[in-house]
Amino acid sequence: MRHWIGLVLAVVMAGLVFFSGAWGYRRLLRLPAVGSQLSQLPGGGGSLLSDHSVLYSLAAIAVTGLVAGILIAAPRISPLAAGLPGLVMLGLTGLYLVSVRRAAGLIPLRSESFGAGFEAMLFNGILAAAGLVMIIPLFVPSRWRARRTSDDEVAETAGADEFLTMLDGSGPDRTAAEPALAGRVARRAPGSAGPPASFHEPLDPGAARTRPGFGPDDTRQGPP
């Protein structure tokens, strides 16, 4: 079930990269300024805090990076969530190295900001770098196994203790049953051999005790 959820998260992650990350990257893409011409710098080289277009683009990229980081680092999330989009990015980059035309032709909506930004990320190597990072969870063996909860560990420990108790014949059940067993042995039928002295119940000196086989008025003094 965890890996099925990982497949759904992989689709969500791929959509974020294409629609959110590529859109923000396309709007922020600027060629480096040549020389000291400040007019070619974003915002004329001044503050960008009042430029809502830049802030929205940065927010889109930040959200994409945050979600990708959670899918990569969270140990309870299936490695498929980040690994599958990473493999797609690396596969597209490999195709780009072999045939640029075929790789660019596979990108949908190239006439829109999403497709154009994704194409720019491919050409500039951003997809290759992001893909290499996102496939790391695929090579961590512990990410493929379901993590055991504390309740499972407690139940397993209790089961092991019970098994060991059954093997050595000791434990709280036997200890609790010994006093009741001693009482039953002390009240055995008359005429039978009595149990060892250690199994007799303590008697109060001077107390009269009616022994089986005697009359109601015939009493015998208990042992001192």
Trainee: Using atom types as modelled, flag every donor-acceptor pair under 3.5 Å from a side chain in residues 53-73 to any protein atom, sequence neighbours excluded.
Mentor:
| residue | atom | partner | partner atom | Å |
| --- | --- | --- | --- | --- |
| S53 | OG | R27 | NH2 | 2.5 |
| S57 | OG | R27 | NE | 3.1 |
| S57 | OG | S53 | O | 2.9 |
| T64 | OG1 | S20 | OG | 3.2 |
| T64 | OG1 | G21 | N | 3.3 |
| T64 | OG1 | A60 | O | 2.9 |

Trainee: Could you check whether any side-chain N or O of R143 sits under 3.5 Å from a backbone N or O of R76, counting only pairs where one atom can act as donor and the other as acceptor?
Mentor: no
Trainee: By the side-chain hydrogen bond (donor to acceptor under 3.5 Å, both in side chains) test, which pairs, at least two apart or in different chains, include something from residues 103-116?
Mentor: R110-E119
Trainee: Would you be so kind as to tabulate the donor-acceptor pairs closer than 3.5 Å made by side chains of residues 121-141, with sequence neighbours excluded?
Mentor:
| residue | atom | partner | partner atom | Å |
| --- | --- | --- | --- | --- |
| N124 | ND2 | Y25 | OH | 2.7 |
| N124 | ND2 | A120 | O | 3.2 |

Trainee: Can you label the angle between the F18 ring and the F118 ring as parallel, tilted or perpendicular, going by 30° and 60°?
Mentor: tilted
Trainee: Under 3.5 Å, side-chain donor or acceptor atoms of residues 83-106 against the rest of the protein: list the pairs with distances, not counting sequence neighbours.
Mentor:
| residue | atom | partner | partner atom | Å |
| --- | --- | --- | --- | --- |
| T93 | OG1 | M89 | O | 2.8 |
| S99 | OG | R102 | N | 3.4 |

Trainee: Only pairs under 3.5 Å count here: list side-chain donor-acceptor contacts from residues 7-17, not counting sequence neighbours, and write none if there are none.
Mentor:
none

Trainee: Is the shortest heavy-atom distance from the side chain of H3 to the side chain of W144 under 4.5 Å?
Mentor: yes
